[in-house]
Amino acid sequence: PHLRTFKDHFQTCKVEGAWPLIDNNYLSVQVTNVPVVPGSSATATNKITIIFKAHHECTDQKVYQAVTDDLPAAFVDGTTSGGDGDTKSLQIVERESGRYVEMHARYIGTTVFVRQLGHYLTLAIRMPEALAMAYEESQDLQLCVNGCPLSERIDDGQGQVSAILGHSLPRTSSVQAWPGYTLATANTRCHEKMPVKDIYFQSCVFDLLTTGDANFTAAARSALEDVEALHPRKERWHIFPGSGSRAPRGRGAWSVS
Amino acid sequence: CRIQKCTTDFVALTSHLNSAIDGFDSEFCKALRAYAGCTQRTSKACRGNLVYHSAVLGISDLMSQRNCSKDGPTSSANPEVTHDPCNYHSHAGAREHRGGEHSPPSYLFCGLFGD
């Protein structure tokens, strides 16, 4: 899937199987990704597990788990909140039944959005920097903190998936079953949803060409909406290719604007 | 379970009060109500803690002795007493305030979508 890290690095990764996004003293988030089409290393998320760790008098440990076609509005123990009935320092809010839930952890100033679009899940998290960085050395595998390992990257090392379009797309018999997006039609389709031609737009094009699944257009659109709702710095909402200083690992050329 | 913090804050609020000056009763009751609020917020975590139960009884006795009403203003001189420990924003705000700054805590964003 496409990953936007805490440092605003944008990557497209394989990361098939279960991977930790966050693993600090307050929160653990793990995702499971599965291949989307035969012949491509592209994967998408079909399971999300979130553990809100016990915190003083504010809440007991609460575990949330969503899988494709089962996006509950409750923790695995059946409750919808943590902490005392009055304070509700941790709450799940269902925005769209079975499609979109929000988790508000007041005691750690953290908000999590989980959505299902098509057959796959999306995730967006806002967390105080002081808490996000509160982890032990042994908890170093966190995709949100360090990004994906280089060996797990699908993009060209610069976050740029468009550059490899046409080179990495699967050429299997399943191609014929797709609606048949060309680069031009995918561009048009994505532009309808996302007028700004930023990295979210390019991800949309990549996903359409990779899978032919129009649901990924909506996923890219809502991912951008989540950024606008949760990212604290408006000037960084959009990420554009160009001469920038925010290239991951000292390489590449993405800039935020 | 943080009951000691409640007690420390109460002592800090009342240590400078002088029973000979006007307004002592009012200020003492405010501090007691803040202390009571603080103990209520720790009630779950402290349910098996003898110090906590002693504090709750002590507060009740003192409120009776001083004729303090249960409802009314609470001391706000020390933000630690009045802040909600389960609200990170008030927590972080108090911490920043003590540091002499009013800037909000900085937040980070992470997102995952698509294929």
Spacing of [X] atom [atom1] and [Y] atom [atom2] [to the nearest 0.5 Å]:
X	Y	atom1	atom2	result
Cys58(A)	Arg41(B)	SG	CZ	10.5 Å
Cys110(B)	His9(A)	SG	NE2	12.5 Å
Leu90(A)	Cys86(B)	CG	SG	10.5 Å
Ser106(B)	Arg233(A)	OG	CZ	9.5 Å

In terms of heavy-atom proximity below 4.5 Å to chain B, should [X] be classed as side chain, backbone, both, or neither?
X	result
Val227(A)	both
Ala220(A)	both
Leu143(A)	neither
Pro128(A)	both
Leu3(A)	both

**OP:** Could you list which of residues 64-71 of chain B have a heavy atom closer than 4.5 Å to any heavy atom of chain A, in residue-number order?
**Re:** none

Quick one: closest heavy-atom pair of [X] and [Y], and the distance?
X	Y	value
Gly114(B)	Ala44(A)	O-CB, 3.6 Å
Gly109(A)	Tyr88(B)	N-CB, 3.2 Å
Leu108(B)	Phe6(A)	CB-CD2, 3.4 Å
Phe109(B)	Asp226(A)	CE1-O, 3.9 Å

Original post:
Do Asp115(B) side-chain atoms and Val36(A) backbone N/O form a donor-acceptor pair below 3.5 Å?
Top reply: no

Subject >> Flag side-chain contact, heavy atom, 4.5 Å: Leu112(B) against Leu21(A) >> reply: yes

Subject >> Exceeds 12 heavy-atom contacts within 6.0 angstrom, atom CG of Leu57(B) >> reply: yes

Original post:
Got more than 12 heavy atoms from elsewhere within 6.0 Å of NZ, Lys53(A)?
Top reply: yes

Original post:
When only pairs under 4.5 Å are counted, which of Val29(A), Ile125(A), Thr122(A) shares the most heavy-atom pairs with chain B?
Top reply: Ile125(A)

**OP:** Among the options Thr45(A), Thr43(A), Thr5(A), pick out the one with the most heavy-atom pairs lying under 4.5 Å from chain B.
**Re:** Thr43(A)

Original post:
Do Lys44(B) and Thr59(A) pass the side-chain contact (heavy atoms from CB on, under 4.5 Å) test, and can you show the C-alpha distance, the side-chain angles, and the key distance before you say yes or no?
Top reply: CA-CA 10 Å; Lys44(B) 194 174 176 185; Thr59(A) 183; over 6 Å; no

Subject >> Ring-face cation contact, Tyr107(B) with Arg126(A), 6.0 Å cut, 45° max >> reply: yes

Original post:
Do Tyr120(A) and Phe113(B) make the cut of ring centroids closer than 6.0 angstrom?
Top reply: no

